[in-house]
2 protein chains.
Amino acid sequence: MAKTGERSRAAAGSVLDGLHFALDRSSPVPLYYQLAQQLEAAIEHGALAPGNLLGNEIDLSTRLGLSRPTVRQAIQSLVDKGLLVRRRGVGTQVVHSQVKRPLELSSLYDDLEAAGQGPTTRVVRNERVPASADVAAALGTAEGAEVTLLERLRSAHGQPVAFLCNYLPPALLDLDSARLEATGLYHLMRLAGITLHSARQTVGARAANAEEAALLAEREGAALLTMRRTAYDDTGRPVEYGTHIYRASRYAFDFQLLVRS
Amino acid sequence: MAKTGERSRAAAGSVLDGLHFALDRSSPVPLYYQLAQQLEAAIEHGALAPGNLLGNEIDLSTRLGLSRPTVRQAIQSLVDKGLLVRRRGVGTQVVHSQVKRPLELSSLYDDLEAAGQGPTTRVVRNERVPASADVAAALGTAEGAEVTLLERLRSAHGQPVAFLCNYLPPALLDLDSARLEATGLYHLMRLAGITLHSARQTVGARAANAEEAALLAEREGAALLTMRRTAYDDTGRPVEYGTHIYRASRYAFDFQLLVRS
DNA sequence: GAGTGGTCTAGACCACTAC
DNA sequence: TAGTGGTCTAGACCACTCA
């Protein structure tokens, strides 16, 4: 079949025709990942607008000099991120919403930093204590076993925002208070080679008691946002248990969910 | 090489040797999905215990009569669910934690039903109204365009738990109040062929005003959990915007996060 | 050095959608 | 009927981990 006239329906889409993708086969970065990143950049940059069809995978793969599975892997990763939608018999198109970041295991420090709030941290306690029953249950250790207790007061713009109480398994990590005041706990854990994998969270609210009110510069009875979390590394072992309280007047959880297919 | 003695290191793992997997090639269910389901069942059932190695993918694929990519696809889907961990040079093993359900786009009705709380719903309002500025922005319609306003009071054990205020784009769905009292909004949307895909949520807290306190049988000033959400379908179009308030004394959000690789 | 998962190829057939 | 994504195969080479 000659090339002329073969794009009866495909003519509607294929915004990719005008785009250039630079694939470096000598790079250690996987080809599918290079492609995914460039597609994502094109979407973010607006070269691929919401609703645009990507054109079929076969054409794309021959044009890029890749196999179809490799192209599919790139596309699939963006589908998983919620940036693209595939429809059998139709094609792959850019999602219509202005969805930005997917959900992250939220680190308050990162949240505040991303919001340009210049967070500061004061370490109130950083010591070894015997595990209480609930801490032992969460961390999977024996009751009374030594764990690290960490209490931090986090502020932004000179105003307290949250009081963070965390428990860590023994010997997981040595926590330097100075470093803890300069960055977030999760960042230090990553630096120590711990790969966070999942977390179980409970978010609720309650009124502040006198002590909490004093800590957070609120009046007694003010609404507090509470969060209790157990975080697990990539082997499924608990690496952190924390109970946090936030001034509801100054902080809210903001996140995006992707529905599991 | 003879088969004898070839399992120098593999002997440690391969708990799968004793397991039987029934793959039906005539079934419309994809092979990788059949395998994934049976692996998941084996993990849940305890036949595959945390820490167990699965044995290498090549052996598994030849034993099952599948190609390696197909086996990988099955394994990958469980890795995505957080049930398995892959380590290059080591193998694939069952995660150590007692992780149950992944994160869902939480429907309060489903949450309560799953907790065996026998939820009941009273539809307070169900009518067409012009969109205010914030509703129009969230739903991507014009300000003043007609949208559906839905106000519901949800109770469990005869006690009010939450007041739900939702806005839906015009002509998306006809909402029968009787059906809304029998099930959840998301369930009705699924029945209408709407595939929920993602949502952006903000969870915060504040003190109840007099009106809210009366609705929820709390005293004025009691802590309320608040949630504002915009939900999108699989094309990225907004299909629902809601502002919910929950009695913090009777409800908390409980969910699990998976960290994106 | 042996074994593992990570990546990639070049095909194939099928189910679904739209015209 | 033509075009799309969904699934599947049978290989290949590489990077990493561990003994």
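The chains referred to below are lettered A, B, ... by the order of the sequence lines, with proteins before strands, and numbering in each begins at 1.
- Using a 4.5 Å heavy-atom cutoff, the side chains of B/L54 and B/N52 are not in contact.
- Nearest nucleotide to the B/T92 side chain, out of C/dA15, D/dT9, C/dG5: C/dG5.
- A/P69 comes within contact range of at least one nucleobase, with a heavy-atom separation under 4.0 Å.
- For A/S67, whose side chain is taken as the heavy atoms from C-beta onward, the closest listed nucleotide among C/dT4, D/dG5, C/dC8 is C/dC8.
- Dashed line: the shortest gap from a side-chain N or O of B/R86 to OP1 or OP2 of C/dG6 is under 4.0 Å.
- Checking the phosphate oxygens (OP1, OP2) of C/dT7, a side-chain nitrogen or oxygen of A/Y32 falls inside 4.0 Å.
- The closest side-chain donor-acceptor pair between A/Q93 and A/R86, if any, does not fall under 3.5 angstrom.
- Ranking C/dG5, D/dG6, D/dT7 by closeness to the B/R72 side chain, first place goes to C/dG5.
- Within the 4.0 angstrom heavy-atom criterion, only backbone atoms of the sugar-phosphate kind lie near A/L31; the bases stay farther away.
- Here CD of B/E240 is found 12.0 Å from CG of B/D233. Values are rounded to the nearest 0.5 Å.
- Nearest nucleotide to the B/R88 side chain, out of D/dC8, D/dC16, C/dT7: D/dC16.
- Atom CG of A/L180 sits about 11.5 Å away from atom NE2 of A/H187, to the nearest 0.5 Å.
- At D/dG3, none of the side-chain N or O atoms of A/N56 fall inside 4.0 Å of OP1 or OP2 (strictly under the cut-off).
- If you check C/dG5, D/dC8, C/dT9 against the side chain of B/T70, the one that comes closest is D/dC8.
- At a threshold of 4.0 angstrom between heavy atoms, the contacts of A/R68 include nucleobase atoms, whether or not backbone atoms are also involved.
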